[in-house]
Amino acid sequence: MNECHSWLACDDIRHLDVGELIGFGAVKHVYQTSWQNNTMAVAFLNNNNYSADFLFGIEVLKQLGWSKYIVQLIGFCEEVPVFLTEYHPAGSSVNVDIIFGNDSHSLSQRFQLCIDYVKILAFLHDSPAGPLMMCDSSTLVKTLEQYLLTTSGNLVLNDVDSLAKVMEGGTVCGHRELKGDFVAPEQKWPFDGDEYRTERMPPYSEKADVWKIPPVCSFFLGKSDGARALHYHLHNMHRRCREKEPHRRPSARELLRAYETLNWSYFGKKAEEKEEL
Ligand code: ADP
Ligand code: MG
Ligand code: MG
């Protein structure tokens, strides 16, 4: 995207040809399309039950899509509903191994993805409107699918339709019981034997996102010998993210500083002088 243009509107979008399917989830079907010879991604609603989530996603992109941490919004038409975003040919961050291969050469680029991931979380958690938590992240793969790899080797958040604002006393993600190894302990139903009821579920904070950082970063680093050596240096930081008590975990911002210090001492890479959004 090298030119400024106002968001495309219904009239521009209606006439676009829809190309190949590039991905789908519970809420969206995403296809390739082209506007004035630029390839783009066009997202359609997949299931009418999720129309509110889809429209909420457009609203969030309107508000946050200017940030370099979030996929760029190109246009939308709420009547259809449909929206256009910048197309990232490398696809979601599940594809890290396909893009980088599995040797130690790519380790510093792979660690950059860990840094980007924590930067994105710090950006969401420090949002001026109050902390935002990434709710559609109940498994590792699901979490990875919400982020895209850019051709410059960075990560951007793509799926914003289930970001939740964290209220004073905390928030509960969605209306279904969360289970499995990946979710934070406080996200699990604590009343064994009783049937799950969202209203009774104790609310929790964005520290649930911090709990999930170590497995996501480990996935990005891969399984090379170099990754194993780097893990040794990450061990203490990652152990703190896995504290059972959420308040004992570091903030994403604190972890970002620690990652950047390590990036400097290990790879000789300096953090960006000025925090660019
Ligand atoms: P859902 O809200 O249904 O989960 P997502 O927004 O997560 O939908 O998109 C589903 C998948 O489509 C992503 O995991 C990714 O593989 C692909 N995708 C979505 N948008 C883009 C894009 N702009 N460029 C490349 N791939 C995309
Ligand atoms: Mg998704
Ligand atoms: Mg979604």
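Just follow the structure's listing: the first ligand is 1, and inside any ligand the first atom is 1. None of these values were measured; they are calculated from a predicted model.
- Using modelled atom types, one side-chain atom of Tyr204 and one backbone atom of Cys173 make a donor-acceptor pair closer than 3.5 Å.
- In this structure, atom 14 (O) of ligand 1 lies nearest to the protein heavy atom Glu145 O, 2.8 Å.
- A pairwise comparison of heavy atoms in Val183 and Ser137 identifies CG1-O, 4.5 Å as the closest pair.
- Closest to atom 23 (N) of ligand 1, if we only count protein heavy atoms, is Glu86 O, 2.8 Å.
- The distance criterion of under 3.5 Å between nitrogen or oxygen atoms is met by Ala26 with respect to ligand 1.
- Residue Gln146 counts as close to the Mg ion (ligand 2), with an N, O or S atom under 2.8 Å.
- The Thr85 neighbourhood of ligand 1 comprises atoms 23 (N), with distances under 4.0 Å to a heavy atom of that residue.
- Considering both main-chain and side-chain atoms, Gly25 comes within under 3.5 Å of ligand 1 through a nitrogen or oxygen pair.
- Inter-residue side-chain proximity for Met40 and Gln72 is flagged as unmet; no heavy-atom pair is nearer than 4.5 Å.
- In the model, Lys179 has no side-chain atom that pairs as donor or acceptor with a side-chain atom of Gln187 under 3.5 Å.
- For the residue pair Asn158/Gln146, the side-chain donor-acceptor check at 3.5 Å is not satisfied.
- When only non-hydrogen protein atoms are considered, atom 16 (O) of ligand 1 lies nearest to Ser92 CB, 3.7 Å.
- Close approach to Asn158 involves these atoms of ligand 1, each under 4.0 Å from a residue heavy atom: 5 (P), 6 (O), 9 (O), 19 (C), 20 (N).
- Atom 3 (O) of ligand 1 has as its closest protein heavy atom Lys28 N, 2.7 Å.
- Restricting Asp159 to its N, O or S atoms, the one at the least distance from the Mg ion (ligand 3) is OD2.
- For ligand 1, the atoms lying closer than 4.0 Å to a non-hydrogen atom of Asp161 are 2 (O).
- Looking at atom 24 (N) of ligand 1, its nearest protein heavy atom turns out to be His88 N, 3.1 Å.
- When non-hydrogen atoms are compared, ligand 1 lies under 4.0 Å from the side chain of Val30 (C-beta onward) but not from its backbone.
- When only non-hydrogen protein atoms are considered, atom 1 (P) of ligand 1 lies nearest to Asp159 OD2, 3.4 Å.
- By the 30° and 60° cut-offs, the orientation of the rings of Tyr31 relative to His29 is tilted.
- Of all atoms in ligand 1, numbered sequentially from 1 with element shown, those under 4.0 Å from a heavy atom of Ala41 are 22 (C), 23 (N).
- The Mg ion (ligand 2) does not have Asp136 among its coordinating residues (no N/O/S atom, backbone or side chain, under 2.8 Å).
- Residue contact annotation: Asp161 places an N/O/S atom under 2.8 Å from the Mg ion (ligand 3).
- Heavy-atom minimum distance, Ala90 versus Leu149: CB-O, 3.7 Å.
- Looking at ligand 1, you won't find any N or O of Leu148 less than 3.5 Å from one of its N or O atoms.
- Checking side-chain atoms of Asp126 against main-chain N and O of Pro131 turns up no donor-acceptor pair under 3.5 Å.
- No donor-acceptor distance shorter than 3.5 angstrom exists from the side chain of Arg249 to the backbone of Arg240, with no hydrogens or angles considered.
- At a 4.0 Å heavy-atom cut-off, ligand 1 does not touch Val94 at all.
- With a 4.5 Å cut-off on side-chain heavy atoms, Leu234 and Phe111 count as touching.
- At a heavy-atom distance under 4.0 Å, only side-chain atoms of Gln146, from C-beta outward, approach ligand 1.
- By the 30° and 60° cut-offs, the orientation of the rings of Phe54 relative to Phe83 is tilted.
- Scanning all protein heavy atoms for the shortest distance to atom 12 (O) of ligand 1 gives Gly23 CA, 3.3 Å.
- Between His238 and His231, the angle of the ring planes goes over 60°, which puts this pair in the perpendicular group of the 30/60° scheme.
- Under the 3.5 Å distance criterion, the side-chain polar atoms of Asn46 are left unmatched by any main-chain donor or acceptor of Val27.
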